[in-house]
Every structure is written in structure tokens, then in C-alpha cells.
Amino acid sequence: QVQLVESGGGLVQAGGSLRLSCAASGRTFSNYAMGWFRQAPGKEREFVAGINWSGRSTYYTDSVKGRFTISRDNAKNTAYLQMNSLKPEDTAVYYCAADAWGAQPMSVTAVDYWGQGTQVTVST
């Protein structure tokens, strides 16, 4: 089992920044590809960003490229999502995900473990 706990969400004005953290415990963190998904009200959960086990390869959905950066620190068992130039359409619950298989971009059905989610709200 892997437990994932997100933090760092909140309310921010458009153009602002937030950094989400995902702290992992349980099995060896570096064995898993990590990813971030988001789900807005009335919409399906969607892939945002992913990173392979070593941190050398990253993947982004088109709408966040150039604004979001995913990273990981295997020594701290933590993954991060730095979000800059936030837009109102980025408003959603953001979920951390772990996938032992590691295919990118991650799909919802391939995720092995989910965090509980953290709310990000971007105001105009």
C-alpha cells in the first residue's frame, strides 16, 4: 500500500502561483511514476502532469504546458506541482496519483493509488 497526502491548495487570484505537495508513505516511493490529475465540478477527472520514477522525464497536458512544473524528491518521498500564471479554468480538486507501471501520460484507470485531493480555486 502507498498512502498519498496532498497539501498546498487554496484560493489565489488569476495570474498567481501555488505549489502542491504530495507526501507518500508505505512502499518504496521511487518504484512509482507519479502524476497529478484534476477534477472540476461536473467534469471528468483529467491528467495534468506526470513524472517518471527518476524524475528525468515529465509529461503535461497541453493546457498547462509552460505554466506548471512537476518534480519529485525521492529522498523526501514527495512529489510537487508548481503552478504559475494560474487561470480561473484551472479551478478544480487536484489529486496526486502513483502508478507502478509508469506509462505516461497516466490514465485514470492505470493509477494504483490516489490521494484525497486538494482544492485549488482561481478567482478573476
Side-chain angles (χ1 to χ4, degrees):
Q1 288 282 349
V2 174
Q3 292 77 40
L4 303 174
V5 179
E6 301 101 333
S7 61
L11 173 65
V12 64
Q13 287 188 332
S17 298
L18 284 174
R19 188 175 84 151
L20 305 183
S21 297
C22 174
S25 61
R27 293 186 176 180
T28 305
F29 178 70
S30 59
N31 286 348
Y32 292 84
M34 299 298 296
W36 290 92
F37 289 73
R38 65 187 179 188
Q39 188 166 17
K43 295 187 176 181
E44 293 185 351
R45 192 169 298 189
E46 64 170 354
F47 171 81
V48 175
I51 189 166
N52 75 335
W53 68 272
S54 69
R56 293 192 183 99
S57 297
T58 57
Y59 310 84
Y60 300 93
T61 192
D62 286 346
S63 62
V64 308
K65 284 180 181 177
R67 300 188 299 123
F68 290 11
T69 302
I70 188 171
S71 61
R72 68 189 297 162
D73 185 337
N74 287 343
K76 295 183 178 180
N77 290 347
T78 303
Y80 305 95
L81 185 68
Q82 178 67 43
M83 305 186 294
N84 298 328
S85 302
L86 282 161
K87 304 175 181 180
E89 51 264 43
D90 294 318
T91 295
V93 177
Y94 282 70
Y95 296 91
C96 178
D99 174 12
W101 183 248
Q104 297 283 1
M106 283 184 180
S107 67
V108 171
T109 55
V111 170
D112 294 305
Y113 301 101
W114 293 100
Q116 82 287 354
T118 185
Q119 177 70 47
V120 171
T121 304
V122 184
S123 64
T124 56

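In what follows, every heavy atom counts, from backbone to side chain, and hydrogens, waters and symmetry copies are set aside.
Judged as a side-chain hydrogen bond (donor to acceptor under 3.5 Å, both in side chains), and not counting sequence neighbours, Ser85 has no contacts. Lys65 is linked by a side-chain contact (heavy atoms from CB on, under 4.5 Å) to Tyr60, Asp62, counting only residues two or more places apart in sequence or in another chain. Qualifying side-chain hydrogen bond (donor to acceptor under 3.5 Å, both in side chains) partners for Ser17, counting only residues two or more places apart in sequence or in other chains: Asn84. Residues passing the side-chain contact (heavy atoms from CB on, under 4.5 Å) test with Asn31, sequence neighbours excluded: Thr28.
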Would you list the atom pairs, donor with acceptor, under 3.5 Å between side chains in residues 19-26 and any protein atom, with sequence neighbours excluded?
{"from": "Ser25", "atom 1": "OG", "to": "Gln3", "atom 2": "OE1", "distance (Å)": "3.3"}

Would you be so kind as to tabulate the donor-acceptor pairs closer than 3.5 Å made by side chains of residues 35-43, with sequence neighbours excluded?
{"from": "Trp36", "atom 1": "NE1", "to": "Tyr80", "atom 2": "O", "distance (Å)": "3.4"}
{"from": "Arg38", "atom 1": "NE", "to": "Glu46", "atom 2": "OE2", "distance (Å)": "2.7"}
{"from": "Arg38", "atom 1": "NH1", "to": "Asp90", "atom 2": "OD1", "distance (Å)": "2.9"}
{"from": "Arg38", "atom 1": "NH1", "to": "Tyr94", "atom 2": "OH", "distance (Å)": "3.0"}
{"from": "Arg38", "atom 1": "NH2", "to": "Glu46", "atom 2": "OE2", "distance (Å)": "3.3"}
{"from": "Arg38", "atom 1": "NH2", "to": "Ser63", "atom 2": "OG", "distance (Å)": "3.4"}
{"from": "Gln39", "atom 1": "OE1", "to": "Arg45", "atom 2": "NE", "distance (Å)": "3.3"}
{"from": "Gln39", "atom 1": "OE1", "to": "Arg45", "atom 2": "NH2", "distance (Å)": "3.4"}
{"from": "Gln39", "atom 1": "NE2", "to": "Lys43", "atom 2": "O", "distance (Å)": "3.1"}

Output side-chain donor-acceptor pairs under 3.5 Å for residues 103-113, partner residues at least two apart or in another chain, one line each.
{"from": "Gln104", "atom 1": "OE1", "to": "Met106", "atom 2": "N", "distance (Å)": "3.3"}
{"from": "Ser107", "atom 1": "OG", "to": "Thr109", "atom 2": "OG1", "distance (Å)": "3.4"}
{"from": "Ser107", "atom 1": "OG", "to": "Ala110", "atom 2": "N", "distance (Å)": "3.4"}
{"from": "Asp112", "atom 1": "OD2", "to": "Ala100", "atom 2": "N", "distance (Å)": "2.6"}

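Other residues sharing a hydrophobic cluster with Trp101 under the 4.5 Å side-chain heavy-atom criterion for ILVMFWY residues do not exist; the residue is a singleton. Members clustered with Leu11: none, using a 4.5 Å side-chain heavy-atom cutoff among hydrophobic residues.
Under the 3.5 Å distance criterion, the side-chain polar atoms of Gln13 are left unmatched by any main-chain donor or acceptor of Ser123. In this structure, Gln82 contributes its side chain and Thr69 its backbone to no donor-acceptor pair below 3.5 Å.
Once rounded to the nearest 0.5 Å, the distance linking OG1 of Thr118 with CG of Leu81 reads 11.0 Å.
With a 6.0 Å radius and a threshold of 12 heavy atoms from other residues, nucleotides or ligands, Gln1 has its CD atom at or below the threshold. By the 6.0 Å contact criterion, CH2 on Trp53 is open, its count of non-hydrogen atoms from other residues, nucleotides or ligands being 12 or less.
Tracing side-chain contacts under 4.5 Å through hydrophobic residues (I, L, V, M, F, W, Y), one never reaches Val48 starting from Trp114; they form parts of separate clusters. Hydrophobic clustering (ILVMFWY, side-chain heavy atoms < 4.5 Å, transitive): Ile51 and Tyr95 are in distinct clusters. Both Val120 and Ile70 belong to a common hydrophobic cluster when Ile, Leu, Val, Met, Phe, Trp and Tyr are linked at side-chain heavy-atom distances under 4.5 angstrom.
What you find for Asn77 and Phe29 is that their closest heavy atoms are OD1-CB, 3.3 Å. Of all heavy-atom pairs between Gln116 and Val5, the closest is OE1-CA, 3.7 Å. Closest approach of Asn74 and Ser30 over heavy atoms only: ND2-CB, 3.6 Å. Closest non-hydrogen pair, Met34 versus Ala98, comes out as SD-CB, 3.7 Å.
At a threshold of 4.5 Å between non-hydrogen side-chain atoms, the residues Arg67 and Met83 do not count as touching. Residues Phe68 and Leu86 form a side-chain contact, since some pair of their non-hydrogen atoms from C-beta on lies under 4.5 Å apart.
Listed by first and then second residue, the disulfide bond (SG atoms under 2.5 Å apart) pairs that reach into residues 33-84 come to none, sequence neighbours excluded. Residue pairs meeting the salt bridge (charged side-chain N to carboxylate O under 4.0 Å, His left out) criterion with at least one partner in residues 69-83, sequence neighbours excluded, are absent.
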May I have the step-by-step check of side-chain contact (heavy atoms from CB on, under 4.5 Å) for Val122 and Glu89, ending in yes or no? CA-CA 8 Å; Val122 184; Glu89 51 264 43; over 6 Å; no

